[in-house]
Amino acid sequence: MGSFALGTIILGRMEMARAAGRIAVDDSTVLIVVDVQNCFLPGGSLAVKDGDQVIPVINRIAKNFAHVIMTQDWHTPGHISFASTHPGKKPFEVVKLGYGDQVLWPDHCVQGTSGADISKDISIPQAELVIRKGYHHDIDSYSAFFEADHKTPTGLGGYLTERGIKKAFVAGLATDFCVAWTAIDARKVGLETYVIEDACRGIDTQGSLAKAWAEMEKAGVQRIQSGDLGA
Ligand code: VGL
Ligand code: ZN
């Protein structure tokens, strides 16, 4: 058997689509733009390194999508995920809460503050929905689908599946927290799920970035680059 034929057999449909520089984006596909908010951008209170570099990539790929939704981290003042809420604790320490381990963060994305605004440089006029999350004082919510108790739904799963969405592409901040948890939960609600790596940046605290990629892989999330969309 020639190496071409062998290669054709070995390459799955997905890899072939990727090799051709295209993964189909159609009317049953959504782009989920996660937390591109001032607090996570350079100068913000929980700035993700090079976080601003995702913006031109996201603006470019979003042009290919009829359906785009965005998420917005939206915490109460004194939120349970803030180190400042826990006497003696510092940002990036981990505490055990009723729903599991919680990384403690600098205060960020407080409801109604300019730090919580989605970046003014994001330009996606067709975006259909902004889903806010993390607004319950005593539960964090990295995922756009379920809060950190893994039970309380945000409603996004129903919104997407009721509207016939079958496939989700996820981009934004931060790769190892809100992007990863959103992508893993997208699989849980039955969506074919892709994370666009070059349209994301990570925080990477205590090995969190490698761990997140391993968990995404285990959940069946596919890791792609924006060029794989042919955009
Ligand atoms: C995020 C930490 C705390 C994120 C949100 O958007 O990834 N990370 N809150
Ligand atoms: Zn947060």
Side-chain angles (χ1 to χ4, degrees), residues 31-55 57-58 69-86 89-95 97 99-119 122 130-150 152 154 156 168 170-186 193 195-213 215-216 221:
L31 174 65
I32 303 177
V33 177
V34 175
D35 295 5
V36 187
Q37 293 168 262
N38 294 330
C39 276
F40 298 122
L41 294 170
S45 61
L46 180 43
V48 179
K49 187 170 183 294
D50 298 331
D52 53 334
Q53 291 183 18
V54 305
I55 294 173
V57 183
I58 290 173
I69 75 109
M70 303 203 252
T71 73
Q72 197 173 20
D73 213 34
W74 196 248
H75 297 311
T76 55
H79 190 256
I80 191 126
S81 72
F82 297 171
S84 62
T85 302
H86 303 261
K89 297 291 179 190
K90 291 198 195 58
F92 306 100
E93 285 183 35
V94 179
V95 292
L97 297 178
Y99 54 80
D101 286 355
Q102 172 71 54
V103 182
L104 297 177
W105 304 107
D107 291 20
H108 65 280
C109 298
V110 172
Q111 297 168 3
T113 63
S114 56
D117 287 346
I118 290 174
S119 169
I122 282 285
V130 177
I131 188 140
R132 290 173 168 168
K133 61 186 178 60
Y135 50 75
H136 286 136
H137 192 273
D138 294 329
I139 321 181
D140 205 357
S141 188
Y142 297 143
S143 165
F145 291 92
F146 296 98
E147 301 193 26
D149 60 2
H150 300 286
T152 308
T154 64
L156 182 61
V170 188
L173 304 171
T175 320
D176 38 352
F177 290 93
C178 292
V179 168
W181 287 50
T182 295
I184 289 167
D185 283 350
T193 308
V195 168
I196 309 167
E197 186 172 16
D198 58 324
C200 302
R201 289 294 183 280
I203 295 173
D204 203 11
T205 171
Q206 298 168 45
S208 56
L209 189 57
K211 189 164 161 257
W213 280 119
E215 284 170 3
M216 286 191 274
V221 173

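Indexing begins at 1, ligand by ligand and atom by atom, following the structure's order.
Close approach of ligand 1 to Ala174 (heavy-atom distance below 4.0 Å) involves ligand atoms 4 (C), 6 (O), 7 (O). Using a 4.0 Å cut-off to heavy atoms of Asp35, the atoms of ligand 1 that qualify are 4 (C), 6 (O). Per-residue contacts place Cys178 under 4.0 angstrom from the following atoms of ligand 1 (heavy atoms of the residue considered): 1 (C), 4 (C), 5 (C), 6 (O), 7 (O).
Between His108 and ligand 1 there is a heavy-atom distance shorter than 4.0 Å.
Protein heavy atom nearest atom 2 (C) of ligand 1, with residue, atom name and distance: Trp105 CE2, 3.3 Å. In terms of protein heavy-atom proximity, atom 5 (C) of ligand 1 is nearest to Asp73 OD2, 3.1 Å.
No donor-acceptor pair under 3.5 Å is formed between the side chain of Asp149 and the backbone N or O of Tyr99. In this structure a side-chain-to-backbone donor-acceptor pair under 3.5 Å is present from Gln37 to Ala116.
Between the Zn ion (ligand 2) and the N, O or S atoms of Asp73, the shortest distance is to OD2. Per residue His75, closest N, O or S atom to the Zn ion (ligand 2): atom name NE2. The Zn ion (ligand 2) is closest to atom NE2 of His108 (considering only N, O or S atoms).
The aromatic ring centroids of Trp74 and His79 lie 6.0 Å or more from each other. A ring-centre distance under 6.0 Å is found for Phe82 and His108.
Proximity of Phe40 to Arg201: side-chain heavy atoms (C-beta onward) are nowhere separated by under 4.5 Å. The side-chain heavy atoms of Leu104 and Lys90, taken from C-beta on, include no pair separated by under 4.5 Å. Pro91 places none of its side-chain heavy atoms less than 4.5 Å from the side chain of Trp105.
At a heavy-atom cutoff of 4.0 Å, ligand 1 is contacted by no atom of Val103, backbone or side chain.
Heavy atoms only, all atoms of each residue included: Leu173 and Cys178 are closest at O-CB, 3.8 Å.
At a threshold of 2.8 Å, the Zn ion (ligand 2) has no backbone or side-chain N, O or S atom of Cys178 nearer than that distance. Under 2.8 Å from the Zn ion (ligand 2) lies no N/O/S atom of Asp35, from backbone or side chain alike.
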